[in-house]
Amino acid sequence: MKKALLKKVGLYTGILLSGVSGYALMQNIAHKYTSDFTKTNVVIAKDTIPIQQFYYNLSYTEQGWIYTNPQGQMFNVDSLCDYHHRENRKQEDLRNLKLKTQIDTIYVSYDKGHIKSRHKPKIIYKNEYADSLPHMPSMGLYNYDVITIREFKADTPELQKKVDIYNNRYNCTFDHEYSHYLNAVNGIRTWNSYPIKFVECCLDEVAVNIKQCLSQRKNYLDNGRDVQFITGRFDFYKNALQTGSIKPLSHELTEDEAQFIANSIFDTWMKDKFSIYTNQECSRTEYFLKDAPYPAVLGDIAKHNAVMQKIFTIDNVDFWKYISLREQEIFDKIPSEKLAKWQKLAEQKSQNMTYFDNLELLKVTHGEKAYHQTLNKNKIKSRIISTFGKGR
């Protein structure tokens with residue numbers, strides 16, 4: 001294919017340079033394009049240069065389109081016009097992270113002033129610095145390269161029994177948070193349209209809850225089928241165990257149980273968490289797409305499905321075949337004001353496109369052939385400007 005393109009490049013050049021109008025034609029072409037070619041700039045490796053210089057030093061090789069700067073450094077232009085290269089570098093950084101885990105101890109006690117009252121005793125939570133916390137903190141947190149697990153330590157055995165369910169042994173907090181990290185590695189931070197990315201952020205939460213439920217299920221089986229190892233987060237599963245509608249015979253899931261878990265967690269999350277998480281997932285969406293060029297936010301369903309397939313393949317079970325049938329429910333619940341905001345953000349990206357962004361948009365919307373033809377034509381124009389422009 002590349003050899004054929006090289007032949008076409010030479011043929012096109014010959015036809016253009018041997019036109020019937022000869023020298024006058026070349027001068028007219030040079031005059032027509034000189035202004036744009038000298039005023040329009042591109043940035044390569046922090047160097048800002050006019051596209052006349054860029055195209056004059058552009059060549060097509062077996063490695064694709066190559067720009068060579070005055071110092072002899074060569075740059076692959078095809079990679080400059082493909083946001084996937086930048087995206088892949090970000091993903092590589094995630095894969096190479098040295099993930100750290102830290103344990104935060106939360107000290108729990110009853111408010112002594114409430115113990116003798118007729119009301120339910122108030123529980124006080126304090127961190128390691130003895131600072132009182134206004135609410136019970138989350139049981140865990142994943143933040144880029146750090147997983148935080150909170151362990152709750154009460155001052156009496158009675159209270160410890162009540163807070164044990166929040167600890168990792170029962171709650172499987174680490175598996176929940178580590179799944180967030182795996183989802184980042186598998187593409188939750190990659191670029192797509194704003195609505196698709198919002199749905200992916202919501203489904204990130206659904207996926208980690210499925211993993212957490214499976215971990216509690218394993219603990220249940222490994223501890224003599226003790227339902228205490230199924231926490232209130234997954235009451236639907238505990239109830240199914242107690243009523244006998246679900247009877248896990250081994251660690252391997254049946255098709256019916258996998259479908260039950262997937263749909264139940266989706267239903268529960270949409271009912272109890274969607275409205276709480278909406279603003280957070282909108283913020284995550286905008287943060288993940290902050291540096292995305294306009295071509296990267298046009299929307300790519302095939303890419304979305306590929307990322308979700310990875311994320312929802314949990315413990316070697318394909319949960320995506322169930323969740324994919326439900327995701328439209330999230331799309332339908334995106335607030336209209338958020339859609340309007342995202343439309344404006346996309347328009348701003350469109351207005352602020354670099355020259356390479358425009359070339360990439362050409363590739364995305366019109367295909368590789370149009371992209372190669374444009375580079376070749378502009379290379380020819382730059383040579384004409386250099387040879388037949390004013391002062392030549």
- Query: Would you call the rings of Y178 and F174 parallel, tilted or perpendicular if under 30° counts as parallel and over 60° as perpendicular?
  - Reply: parallel

- Do the rings of W342 and Y194 sit parallel, tilted or perpendicular, given the 30° and 60° boundaries? parallel

- Task: Mark yes or no for whether N192, through its side chain, and D300, through its backbone, hold a donor-acceptor pair below 3.5 Å.
- Result: yes

- Report the C-alpha separation of T173 and Y166 in whole Å, then their side-chain angles, then the decisive distance to 0.1 Å, and conclude whether the side-chain contact (heavy atoms from CB on, under 4.5 Å) test is met. CA-CA 8 Å; T173 309; Y166 304 137; over 6 Å; no

- Message: Can you tell me if D131 has over 12 outside heavy atoms packed within less than 6.0 Å of its CG?
- Response: yes

- Item | Under-4.0 Å salt bridge between E200 and R284 | no

- Item | Geometric cation-pi criterion K153 and Y107, 6.0 Å radius, 45° cone | no

- Is it true that K211 and D315 have a side-chain N and a carboxylate O under 4.0 angstrom from each other? yes

- E347 and K344 ion-paired at < 4.0 Å: no

- Query: Looking at R169 and D164, does any basic side-chain N land under 4.0 Å from a carboxylate oxygen?
  - Reply: no

- Task: Could you tell me whether E257 and R217 make a salt bridge, using a distance below 4.0 angstrom between a side-chain N and a carboxylate O?
- Result: yes

- Is the shortest side-chain N to carboxylate O distance from E92 to R95 below 4.0 Å? yes

- Message: I'd like to know if the side chain of S193 reaches the main chain of I196, judged simply by a donor and an acceptor atom lying under 3.5 Å from each other, with no hydrogens or angles considered.
- Response: yes

- Does the side chain of E151 reach to within under 4.5 Å of the side chain of I106, using non-hydrogen atoms? no

- Message: I need the full list of ring-ring contact (aromatic ring centres under 6.0 Å, His included) pairs touching residues 206-247, with sequence neighbours left out, sorted by first then second residue.
- Response: Y170-F229, F236-F260

- So, E327 versus H304: side-chain donor-acceptor pair below 3.5 Å or not? yes

- Query: Is a side-chain N or O of N168 found less than 3.5 angstrom from the main chain of I149, in a donor-acceptor match?
  - Reply: no

- Message: In the structure I gave you, are the side-chain heavy atoms of Y67 and V42 within less than 4.5 Å of one another anywhere?
- Response: no

- Should E255 and K321 count as an ion pair when the cut-off is N to O under 4.0 Å? yes

- Would you call D267-R326 a salt bridge at under 4.0 Å N-O? yes

